[in-house]
Amino acid sequence: MSVLVSSLPAGYAAKLQQRFPLTVIAEPTGWYLCWADQALVLRHADLPKQGDILVDFASGAASYRRQFGGGKDEAIAKACGLNKKRNLSIIDATAGLGRDALVLANLGATVTLVERNPLVAALLYDGLRRAAANPVTADLAARMQLHFAPALQALTELPPADVVYLDPMFPPREKSALVKKEMRAFHDVVGSDTDADALLAPALQLARYRVVVKRPGYAEVLAQQSPQLVVKGKNNRFDVYINQAIA
């Protein structure tokens with residue numbers, strides 16, 4: 001069950017319940033959403049050392065990435081074609097905590113963030129709310145919109161976009177060190193993307209120019225389909241499936 005605790009401002013809790021299947025309770029167990037420092041955060045009732053998880057497009061890390069990132073020379077920019085054309089429309093069909101969407105919007109794209117998990121979608125909604133109210137990030141927020149739906153459903157109901165971006169949950173790596181606490185929590189909340197292979201075909205139908213799939217270097221290609229282009233980043237690779245050249 002996806003829950004909010006009753007400490008949220010009443011009007012805002014009602015607004016979140018209208019958009020997402022969330023239940024308000026007084027004493028939560030497991031993962032739950034609550035209000036802290038005027039932001040919506042994700043906590044675990046039995047893991048106090050876990051720390052709060054939130055979407056903050058104006059955080060120090062996000063600000064640093066906006067100001068000092070590689071711009072159009074970044075691997076993600078080259079993969080999506082933003083080194084050729086800035087104002088592309090992009091569907092981020094597996095948005096997660098919105099970090100790649102932020103980079104894409106900062107590079108000039110208009111991004112639709114698709115998220116299926118109600119807890120994570122609510123975090124994105126709140127992050128966009130705060131970004132829109134902050135003069136530093138208001139322009140970025142204006143280029144990002146949230147679409148709450150499973151990726152497969154979204155790829156059949158959204159209008160075509162220039163690029164469809166897929167970042168399914170990475171498959172586990174044998175004998176790897178434990179991922180950082182936030183990612184362990186995210187895996188716990190969201191689960192695995194068992195339908196990841198099924199996303200490629202509808203994504204190719206929807207994208208005008210290309211589909212970009214973010215993968216760790218050790219992972220197989222999606223749906224056993226080889227890309228036409230591979231752009232290697234520092235920690236990942238981007239498999240690019242091209243429908244037509246970007247004009």
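When a residue number appears, it is its place in the shown sequence, counting from 1. Source: prediction; values computed, not measured.
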With hydrophobic residues grouped by side-chain heavy-atom distances under 4.5 Å, do M169 and L222 end up in a single group? no
Looking at Y165 and I90, what are the two nearest heavy atoms and their distance? CB-CG2, 4.0 Å
Nearest heavy-atom contact between L124 and A95 is CD1-CB, 4.2 Å
Any residue meeting salt bridge (Lys or Arg N to Asp or Glu O under 4.0 Å) with R130, in chain and number order, not counting sequence neighbours: D56, D126
Within 6.0 angstrom of Q153 CD, more than 12 heavy atoms from elsewhere: yes
Using 0.5 Å steps for rounding, measure from the CD1 atom of I53 to the CG atom of L40. 12.0 Å
Backbone of V120 reached by a side-chain donor or acceptor of N117 within 3.5 Å: yes
Going through the distances and angles, do L54 and L42 end up as a side chain to side chain contact (heavy atoms under 4.5 Å, CB included)? CA-CA 6 Å; L54 74 162; L42 181 67; over 6 Å; no
Beyond-backbone contact of Q17 with V24, side-chain heavy atoms, under 4.5 angstrom: yes
Is it true that Q224 and E220 share a donor-acceptor pair across their side chains at a distance under 3.5 Å? no
Calculate, to the nearest 0.5 Å, the distance between atoms CG and CG belonging to D197 and L199 respectively. 8.5 Å
Verify the cluster assignment for L229 and L82: are they in a single hydrophobic cluster under the rule of side-chain heavy atoms below 4.5 Å apart? yes
Answer yes or no: are there more than 12 heavy-atom neighbours, outside E27 itself, under 6.0 Å from its atom CD? no
Should V213 and I242 be counted in the same cluster of Ile, Leu, Val, Met, Phe, Trp and Tyr side chains packed under 4.5 Å apart? no
For H44, give me all partners under side chain to side chain contact (heavy atoms under 4.5 Å, CB included), at least two apart in sequence or on another chain. W31, D46, L47
Row check, Y12 ring normal vs R129 NZ/CZ: under 6.0 Å, within 45°: yes
Taking T137 for the side chain and A131 for the main chain, is one N or O donor matched with an acceptor at less than 3.5 Å? yes
Flag side-chain contact, heavy atom, 4.5 Å: P160 against Q205: no
Evaluate the side-chain proximity of F238 to K232: yes if any heavy-atom separation is below 4.5 Å, no if none is. no
Do the ring planes of F148 and F20 sit parallel (below 30°), tilted (30 to 60°) or perpendicular (above 60°)? perpendicular
Within this structure, what is the CG-CG distance for the pair L104 and L140, rounded to the nearest 0.5 Å? 11.0 Å
Are the side chains of V231 and R237 in touch, meaning some heavy atoms are under 4.5 Å apart? no
Using distance alone, with no hydrogens and no angle criterion, decide if D167 and T94 have a side-chain donor and acceptor under 3.5 Å apart. no
So, D239 side chain and V230 main chain: donor-acceptor pair closer than 3.5 Å or not? no
Under 3.5 Å, is there a donor on one side chain and an acceptor on the other for H147 and E115? no
What one should report as the nearest heavy-atom pair of P227 and V221 is CD-CG1, 4.0 Å
Please check this pair: side chain of R210 against backbone of Y241, looking for a donor-acceptor N/O pair closer than 3.5 Å. no
If hydrophobic clusters are built from ILVMFWY residues whose side chains come within less than 4.5 Å, do V103 and L88 share one? yes
CG of L155 to CD1 of I91: how many Å apart, nearest 0.5 Å? 6.5 Å
State, with a plain yes or no, whether a side-chain heavy atom of Y209 is found less than 4.5 Å away from one of N243. no
Any side-chain heavy-atom pair from F57 and M144 closer than 4.5 angstrom? yes
In terms of heavy-atom contacts, A149 and V114 come closest through O-CG1, 3.4 Å
Would V211 and V240 count as a side chain to side chain contact (heavy atoms under 4.5 Å, CB included) if you check the C-alpha gap in whole Å, the side-chain angles of each, and the deciding distance to 0.1 Å? CA-CA 6 Å; V211 173; V240 184; over 6 Å; no
So, does R116 use its side chain to make a donor-acceptor pair with the main chain of A151 at under 3.5 Å? no
Looking only at heavy atoms, what is the nearest atom pair of A58 and N134, with distance? CB-ND2, 3.7 Å
So, E74 side chain and I76 main chain: donor-acceptor pair closer than 3.5 Å or not? no
Looking only at heavy atoms, the pair that brings G81 and I246 closest together is CA-CD1, 3.6 Å
Please determine whether a side-chain nitrogen of the Lys or Arg among D100 and K214 lies less than 4.0 Å from a carboxylate oxygen of the Asp or Glu. yes
Please tell me if the side chains of L33 and L22 come closer than 4.5 Å, counting only heavy atoms from C-beta onward. yes
Derivation and outcome, side chain to side chain contact (heavy atoms under 4.5 Å, CB included), residues T156 and L206: CA-CA 8 Å; T156 62; L206 195 62; over 6 Å; no
Taking the side chain as everything from C-beta on, heavy atoms only, tell me whether L166 gets closer than 4.5 Å to V212. no
Report whether L158 and L113 are members of the same hydrophobic cluster (ILVMFWY, side-chain heavy atoms less than 4.5 Å apart, transitive linking). no
For A36, check side chain to side chain contact (heavy atoms under 4.5 Å, CB included) against everything at least two apart and list the hits. V41, R43, D52
